[in-house]
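Note sheet for the following structure.
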There are 2 protein chains.
Amino acid sequence: MVRTKNPAVRTRLIERAAQMLRAREPVTLRSVVRDTGLSTMAVYTYFGGMEGLWQAVRQEGFTRLAAELGTVTRTKDPVRDLTALGAAYVTNALANPDLYRVMFDATVDLENPTAADDTLHILVTTIERAQQADRFAPGADARSLATQCWAIGHGLVSLVATGPLPHDTLALGAPMLVALFVDAGDTPATCRDSVGRGWPFRPPGHDAGKP
Amino acid sequence: MVRTKNPAVRTRLIERAAQMLRAREPVTLRSVVRDTGLSTMAVYTYFGGMEGLWQAVRQEGFTRLAAELGTVTRTKDPVRDLTALGAAYVTNALANPDLYRVMFDATVDLENPTAADDTLHILVTTIERAQQADRFAPGADARSLATQCWAIGHGLVSLVATGPLPHDTLALGAPMLVALFVDAGDTPATCRDSVGRGWPFRPPGHDAGKP
DNA sequence: CCACAATACATGGCAACGCTATGTTTAGGA
DNA sequence: TCCTAAACATAGCGTTGCCATGTATTGTGG
């Protein structure tokens, strides 16, 4: 073995595919290598075919999502932070609906199967903070609660971003999270306040300004 | 205008596409008309192209879902019935994951934009029954609550059926619905019982039998 | 009743698709 | 310094969605 792969080529193809996805351009074997000086064989050398490239793009989507979740500011209110993480998840999906969709239309597995776990882990950490702050009951399974938050965020945003429901529907995330968090042990009034500060999506007639 | 379309051809192509989808066979312009005596032009006459056929298949998916939801038995416990509707939704998606996926990966709109409303209406009716039975507070917006139920069911099943989470995750639907229904006014103990009888998906170690 | 005309449908071909057999170039180890 | 294995280009195969063109068919006006 003598000639080695150039890792930059791999990254370049993934980023180009993601960029074309965002620009709503069709991502085909030929179009993804056009104007790159590469031939179609590059896709086979680095990914084994188009399906391998899609797998890598899905992986990239999870990576970017995890990075964006990691930028949510951490305050003294873990319930607000948990809500803000859910909102960041939704915002990311709305901003990149095509990349978000390919993340979940996988017939085959991701390259790194722990991508979903990584996504969940940030939520789990915040939930444990809420338990330590006596907002959530300490006995509850943080991972189960994190999965439930994920299901709410994913369900809402996938029905809105590429689905049949209008954008207003996202406002329902607030009462859903409140119901979940109160069930986990939080005080209703306090919880409503925390969620209200972390969830930016408002119902249609809502007046966000102060007189 | 002299020669008229044959509506049976339209139905035949839609059902053939849905059947091929279920059988995991690739649905292509040529494969869908193969062995039907029709040429590829039939797809253009009746649907204007493959995208039109996909739209019709999506519509068919919503129609079948609504029909299946309509078969859920109606008992004296509307909260159990509401839970059972959610479970039927999940079961349908698990049984037809490919048809379920095309229902929601629409770049364009459905033929009949009210398909989503029809899906919701069955839930709304059951929620109103729960309000009349003094299980849910009468003031709440039934449509909002129905949408929240939908988001929970859709979020869970899409993360499980074609997503990264294991089948066990579906058990989380029970506590999520309980939290939602208690928030809507139901009594926790009664609610847990109703949901427990309507939601068939159990956590991994659960022993469903009685000694 | 029947000829006209509009429409359903078949045929064949086009460009683009994913993929791969084959050949060429390149770079690390002997 | 060769030599060889891997990276990469070229070109072509079968298939895709689509459509221009031609033919067959059927409701309708005279």
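We name chains A, B, ... by the order of the sequence lines, and we start the count at 1 in each one.
Salt bridge B:Arg202/B:Asp168: absent, no basic N to carboxylate O contact under 4.0 Å.
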For a quick check, with a 4.0 angstrom heavy-atom cut-off, what is the B/S/- contact string for nucleotides 12-20 of chain C, read 5' to 3'?
-B---BBBB

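Using a 4.0 Å cut-off, no side-chain N or O of B:Tyr46 falls inside it from OP1 or OP2 of C:dA8.
Checked against ring pair (Phe, Tyr, Trp, His ring centres under 6.0 Å), A:Phe201 has the following partners two or more places apart in sequence or in another chain: A:Trp199. With sequence neighbours excluded, the residues forming a ring pair (Phe, Tyr, Trp, His ring centres under 6.0 Å) with A:Tyr100 are A:Tyr89, A:Phe104, A:His154, listed by chain and number. In this view, B:Glu128 satisfies the salt bridge (charged side-chain N to carboxylate O under 4.0 Å, His left out) rule with no residue, not counting sequence neighbours.
Sorted by first and then second residue, the salt bridge (charged side-chain N to carboxylate O under 4.0 Å, His left out) pairs with a member in residues 33-48 of chain A form an empty list; sequence neighbours excluded. Sequence neighbours left out, the pairs with a member in residues 162-183 of chain A that pass ring-ring contact (aromatic ring centres under 6.0 Å, His included) are A:Phe136-A:Phe181.
Side-chain proximity of A:Thr45 to the nucleotides D:dA7, C:dT11, C:dA8 is greatest for D:dA7.
Per the geometry, CG belonging to B:Leu13 stands 13 Å off C1' belonging to C:dA8, to the nearest Å. The CG-C1' distance, from A:Asn6 to D:dA9, rounds to 17 Å in whole Å. Atom CZ in B:Phe47 sits roughly 11 Å away from atom P in C:dC9 (whole-Å rounding). Look at CD on B:Glu25: it is 16 Å from P on D:dT15, rounded to the nearest Å.
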